[in-house]
Amino acid sequence: MSYPFKKIEAKWQKIWAREKTFSAKVGPQRKKYYLLEMFPYPSGKIHMGHVRNYTIGDVFSRFKYMCGFNVLHPMGFDAFGQPAENAAIKNKTQALAWTIKCINWMRQELKSLGFSYDWQREISTCLPQYYRWNQWIFLKMFERGLIFKKEAVVNWCPDCQTTLANEEVVDGSCWRCKTEVIEKDLEQWFIKITAYKEKLLEDLAKLNSWPERVITMQENWLGKSEGVEIYFKTKDTAELIPVFTTRQDTIFGATYLVLAPEHPLVEKIIKGKPQEKEALSFIAKVTKESKVVRTASDVKKEGIFTGAYAINPVNNEEIPIWVADYVLMEYGTGAIMAVPCHDQRDFLFAQGHNLPMRIVIQPKGQQPTASSQMTQAYEGDGIQVNSGQFDGLPNQEAKIKIAQWMEEKGMGKRTVHWRLRDWLISRQRYWGTPIPIIYCQKCGIVAVPEKDLPVKLPDKIKISGKGGSPLNYVKSFVSTKCPKCKSKARRETDTMATFFDSSWYFLRFCSPKFTQGPFDKKEAHFWMPVDQYIGGIEHAILHLLYSRFFTKFFKDLGWIDIAEPFQRLLTQGMVLKDGEVMSKSRGNIVDADSIMKKYGADSLRLFILFTAPPETELEWDGRAIEGCFKFLNRVWRIQDNLKEKAQDPLLKIMHKTIKKVSEDIEAFKFNTAIASLMEFVNAIYQSGADREIFLKLIIMLSPFVPHFSEEIWQRSGNKSSIFKTEWPKYDAECLIDELVTIIIQVNGKVRSKIEVPTEISEDKLKELALADEKLKPWMQNKPIKNLIVVPKKLVNIVI
RNA sequence: GGGCAAGUGGUGGAAUGGCAUACACGGCAGACUUAAAAUCUGCUGGCCGUAAGGCUGUGAGGGUCCGACUCCCUCCUUGCCCACCA
């Protein structure tokens, strides 16, 4: 007979909802703890990744609560975005209705897993009471010059007459109509996130409870690189070509220059050259290719000689100027100096086009070789050669000296380049926050006044997926009056990227119903920062960077006083089936609902926590979940076999278990915490538990299997919720062992074990060890060279 | 190409300088049962051995150390992230 999980789970979910067991209030009595899991996109069904993410959070939340913290543990829905819009197009329904239906379904599933959310704080980003504050934030940024408009390239389907997201471009064609996608320049809204790049980089140092790799990924994304901008004169024209390099130590080895095909100087320098026609047709060909094709790593680098020459300022050498597809206009200055011997891409290109090479860095301790002998570029450190007055210097030292010298001589100047681009936020889509801007014939671009917010998204419209932004076709939305001059005007029809919505939702959770601003300053002051944030590694860059940026912006606005939003971060691993990511397209989805029907939510929770540590990948094993179910039944049966008084050794095991479980939960080692609870249960089966010990076990199980534990707690005669009890404390005195097993090694190999009193002296221990009969055959009366004693652990005899 | 992880029984994993394989899955055996399921108990890395026991063993090779899954070096493999980024 298995325990009645269906009845129990439904019962307690009802009671928790009725009693509002997990609602959080500002108050000085308990220390605050803000625990947040990344909110889901309401796509319909919950998947195992969600189950994992939210179970990890739930255990921690319940644990912290029982440890005496005032826990804020909210949940909401990231409800704007393309899937709803696509569903609306496909099924000819409304995006709002579809989204609400999905939210209702998902909320139900989350509740059936027993998560301890404060449901009174639920938010959905697609509702005007949320997105009006997106618009408000937009306006504040606009006022401060942090939002601007400029042309940007988008993927464009000429047939659908609409922009496409990268993932909607399949093999260079539109996913819906298979037409070849082209690139098109459109006026787009941008956020000047680059204004915060220094702070975003600097403050990474404060995030010492974040995973190392997330910090590294953010650093790489910001991409600060220090180098020199060098000015190359052209031979026949007055133009200067600036080139950015981080390897100014290799300047004497620069044997040609390469410009990006879009470089503005290309046309000027090739004018009248014999190569002009050929070069122009090459450029036309390259610029037509989409970026996806051009940046594919397996494509051969192509290029062409322009007929023009540049002068290398350090040695006045004439070097040819080329145009090639591997140089990008977006990075640096759109022009590079090529050093084939010390840059692999330049090396391959020079070999392919018979361009000269010169070695200028010699690896330490190696014989000089000819550049013709090289099979690949040498990119490491070494000694300067063929570098004029810098010969013989280590290149790292030369780097600094050359930069100084070039600045003195006016050949270049030290510069810093960043990889970070400004953030394109406009989308030619329907299902997003309308951008609060009005275009007036007389006044130009006019911000919607704050009092007119929200600019409501019209909700009953037809969308076809064709003809650009759907809002263009809603007359009542588009036509308006200019807030300044009251003449006829047109509304912006672009909406915001959904990353905007999720960049500040953690602040909204502090006061989700506040109507005087995006959040109540007092509440945010109390709850922020988020003490623990939990989510997938796929958000390691964009979402986290944008959230950090918004936090810094709110700080500058004077709305909050913290610089970083997330104190501690946990990135959970993916859920795999047969070594592959679970996904619809692979058809290997294990549905949470059917598992819960068979074993209950508590068994599913226990399995997902027990089977792997949170950060690693989790391999789904249908049989292992049955083991978890059996374990719960095993615990359930203890109820009917309690003793009056348990034996002392069990009490000791209990204290050890309390220590281990408490420490493991705090460190997110849920798998070993559960393992030690299983060991505890095995010990109970050996010697029998009394009521007190059994209830301590149940309390420790309660964060993992809340319904199960509440039920046993109640059946044992307790009136209030188990989550109102205190987390058990261990008695340090109970942990002390009187006897300890000492390992005895001979030459590092275990040859014997002895039991000795814990507080034995070192000399006495030595004496006992050497007297051990079992060692005799290994010692063979040979002299002892060394004797290592590690107190309470081992003795190693070296002979 | 760069960065970051990881590699341990048949399987998921534990041990982060001191008894390798905790806990669980699977497998085998026993008890209970007319029988099965459920449950309880025991065994379960490989090789040699009837056994006691011995040897060997944490991707490969080397190093440091009395002692290495753990630290260092070289290499291999896998995963994730980034990338014609100068």
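All heavy atoms count here, side chains included; hydrogens, waters and symmetry mates do not. In what follows, every chain begins at residue 1, and chains take the letters A, B, ... in the order their sequences are listed.
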Inset, instruction - Kindly determine whether A:M48 and A:V51 satisfy side-chain contact (heavy atoms from CB on, under 4.5 Å), including the steps that lead there. - result: CA-CA 5 Å; A:M48 283 301 166; A:V51 175; 4.3 Å; yes

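For the P atoms, the distance linking B:G53 with B:A20 amounts to 16 Å, nearest Å. Spacing between B:G61 and B:C76 at atom P, rounded to whole Å, works out to 15 Å. Straight-line distance between the C1' atoms of B:A83 and B:G12: roughly 35 Å, to the nearest whole Å. A gap of 10 Å separates the P atoms of B:C47 and B:G10, to the nearest Å. Taking the P atom of each, B:A24 and B:U39 are spaced 14 Å apart, rounded to whole Å. The gap from the C1' atom of B:A22 to that of B:U64 amounts to 29 Å, rounded to the nearest Å. When the P atom is used for both B:G30 and B:A36, the distance is 11 Å, rounded to whole Å. Taking atom C1' on both nucleotides, B:G9 is separated from B:C72 by 28 Å, rounded to a whole Å.
Following rounding to the nearest Å, A:R419 (CZ) and B:C84 (C1') show an atom-to-atom distance of 13 Å. Rounding to whole angstrom units, CD1 of residue A:I215 and P of B:C82 are separated by 17 Å. Spacing between atom CD of A:E755 and atom P of B:C19 amounts to 16 Å, rounded to whole angstrom units. The interatomic distance linking A:M217 (CE) with B:G79 (C1') rounds to 13 Å, in whole Å. Here B:C85 presents its C1' atom at 12 Å from CH2 of A:W221, a figure rounded to the nearest Å. Separating the CH2 atom of A:W210 from the P atom of B:C81 is a distance of 18 Å, rounded to the nearest angstrom. B:G13 atom C1' lies 14 Å from atom CG of A:D664, rounded to whole Å. Regarding A:L204, its CG atom lies at a distance of 15 Å from the C1' atom of B:G3, rounded to whole Å.
Comparing atom distances between the A:Y685 side chain and each of B:C84, B:A86, B:U41 picks out B:U41 as nearest. Checking B:C82, B:C80, B:G3 against the side-chain heavy atoms of A:R213 singles out B:C80 as nearest. If you check B:G18, B:G3, B:U39 against the side chain of A:T216, the one that comes closest is B:G3. Among B:C19, B:A86, B:C66, the nucleotide with an atom closest to any side-chain atom of A:N796 is B:C66. Checked against B:G3, B:C81, B:C66, the side chain of A:V798 finds its nearest nucleotide in B:C66. Closest contact between the side chain of A:T611 and the listed nucleotides B:G12, B:C19, B:U39 involves B:G12. Listed nucleotides: B:U56, B:G42, B:G18. Nearest to the side chain of A:K749: B:U56.
With hydrogens and angles ignored, the 3.5 Å screen pairs a side-chain donor or acceptor of A:R421 with a backbone N or O of A:R419.
Between A:I56 and A:F670, the closest side-chain pair of non-hydrogen atoms falls below 4.5 Å. In this structure the side chain of A:T55 never reaches within 4.5 angstrom of the side chain of A:F704, judged on heavy atoms.
Taking a pair to require two hydrogen-bonding distances under 3.5 Å in either a Watson-Crick or a G-U wobble arrangement, B:U34 remains unpaired. Nucleotide B:C71 forms a pair with B:G63, judged by Watson-Crick or G-U wobble geometry with both contacts under 3.5 Å. Base pairing of B:G26 is made with B:U44, judged by Watson-Crick or G-U wobble geometry with both donor-acceptor distances under 3.5 Å. For B:G57, there is no paired base (Watson-Crick or G-U wobble, both distances below 3.5 Å). Of all nucleotides present, none satisfies the Watson-Crick or G-U wobble test against B:A52 with each distance under 3.5 Å. Searching all strands for a Watson-Crick or G-U wobble partner of B:C4 with both distances below 3.5 Å returns B:G79.
No hydrogens or angles were tested; on distance alone, nothing pairs the side chain of A:E617 with the base of B:G79 as donor and acceptor under 3.5 Å. Residue A:N786 places no side-chain atom within donor-acceptor reach of the base of B:C66, judged by atom type and a 3.5 Å distance cut-off alone.
Using modelled atom types, one finds a donor on one side chain and an acceptor on the other under 3.5 Å when comparing A:D422 with A:T194. Under the 3.5 Å distance criterion, with hydrogens and angles disregarded, no donor-acceptor pair is assigned to the side chains of A:N641 and A:Y685.
Across all strands shown, A:R751 has heavy atoms under 4.0 Å from sugar-phosphate atoms exclusively, and none from any base.
Counted within 6.0 Å of NZ on A:K793, heavy atoms from surrounding residues, nucleotides or ligands total 12 or fewer; the atom is thus considered open.
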Inset, instruction - If a protein heavy atom is under 4.0 Å from the base, mark B; if only from the sugar-phosphate, S; if neither, -; do that for nucleotides 22-29 of chain B going 5' to 3'. - result: BBSSS---

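B:G9 has its base syn relative to the sugar, with a glycosidic angle deviating from 0 by at most 90°.
The side-chain hydrogen bond (donor to acceptor under 3.5 Å, both in side chains) contacts involving residues 208-223 of chain A comprise A:Q218-A:R548, where partners must be two or more places apart or lie in separate chains.
Shown here are the ring-ring contact (aromatic ring centres under 6.0 Å, His included) partners of A:H263, two or more places apart in sequence or in another chain: there are none.
With respect to the salt-bridge test (charged N to carboxylate O, under 4.0 angstrom), the residues A:E198 and A:K224 qualify.
Between A:N633 and A:N220, the residue anchored nearer the 5' end of RNA chain B, judged by the nucleotide with its closest heavy atom, is A:N220. Where A:T741 and A:P613 meet RNA chain B, the nucleotide closest to each residue was compared, and A:P613 sits on the side nearer the 5' end.
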